[in-house]
Undergrad: 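Questions regarding the structure given below will be posed in turn.
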Amino acid sequence: MTKTPEQMRQQAQEYRDLHSHMTGTVLSEAIEQVALALDRSADALEAELAGTA
């Protein structure tokens with residue numbers, strides 16, 4: 001199933017919210033990297049959809 005850009009951003013925020021429940025520098029950095037990747041994917045999908053509209 002393909003997610004919408006909004007769903008991707010929501011998932012990115014959910015990953016960021018994990019920071020309040022987990023500790024550790026390496027884990028926090030990994031969570032942020034996943035969230036950033038989801039944000040970039042959402043941006044790319046929006047750009048692709050805008051080009052086909």
Side-chain angles (χ1 to χ4, degrees):
M1 178 175 98
T2 302
K3 293 183 179 184
T4 66
E6 182 57 37
Q7 289 170 320
M8 289 179 188
R9 287 195 178 89
Q10 176 61 37
Q11 188 174 12
Q13 186 59 47
E14 289 170 5
Y15 274 96
R16 287 185 177 101
D17 291 344
L18 289 175
H19 283 261
S20 64
H21 301 289
M22 299 180 179
T23 59
T25 304
V26 173
L27 182 59
S28 293
E29 181 62 26
I31 290 169
E32 183 60 21
Q33 290 301 317
V34 170
L36 288 172
L38 286 165
D39 283 336
R40 285 191 299 271
S41 292
D43 291 343
L45 181 57
E46 279 183 335
E48 184 179 323
L49 292 173
T52 61

Undergrad: Go through Gln13 and Arg9 one step at a time and tell me if the side-chain contact (heavy atoms from CB on, under 4.5 Å) criterion holds.
TA: CA-CA 6 Å; Gln13 186 59 47; Arg9 287 195 178 89; over 6 Å; no
Undergrad: So which atom in Leu45 and which in Met8 form the shortest heavy-atom distance, rounded to 0.1 Å?
TA: CD2-CE, 3.8 Å
Undergrad: Using the rule given for side-chain contact (heavy atoms from CB on, under 4.5 Å), can you reason through Thr4 versus Glu46, listing the C-alpha separation, both sets of side-chain angles and the distance that settles it, and then say yes or no?
TA: CA-CA 9 Å; Thr4 66; Glu46 279 183 335; over 6 Å; no
Undergrad: Minimum heavy-atom separation for Pro5 and Ala42, please, with both atom names.
TA: O-CB, 3.6 Å
Undergrad: Please enumerate all residues that pass side-chain contact (heavy atoms from CB on, under 4.5 Å) together with Leu36, with sequence neighbours excluded.
TA: Arg16, Glu32, Gln33, Arg40
Undergrad: What are the two closest non-hydrogen atoms of Asp39 and Ala12, and how far apart are they?
TA: OD1-CB, 3.5 Å
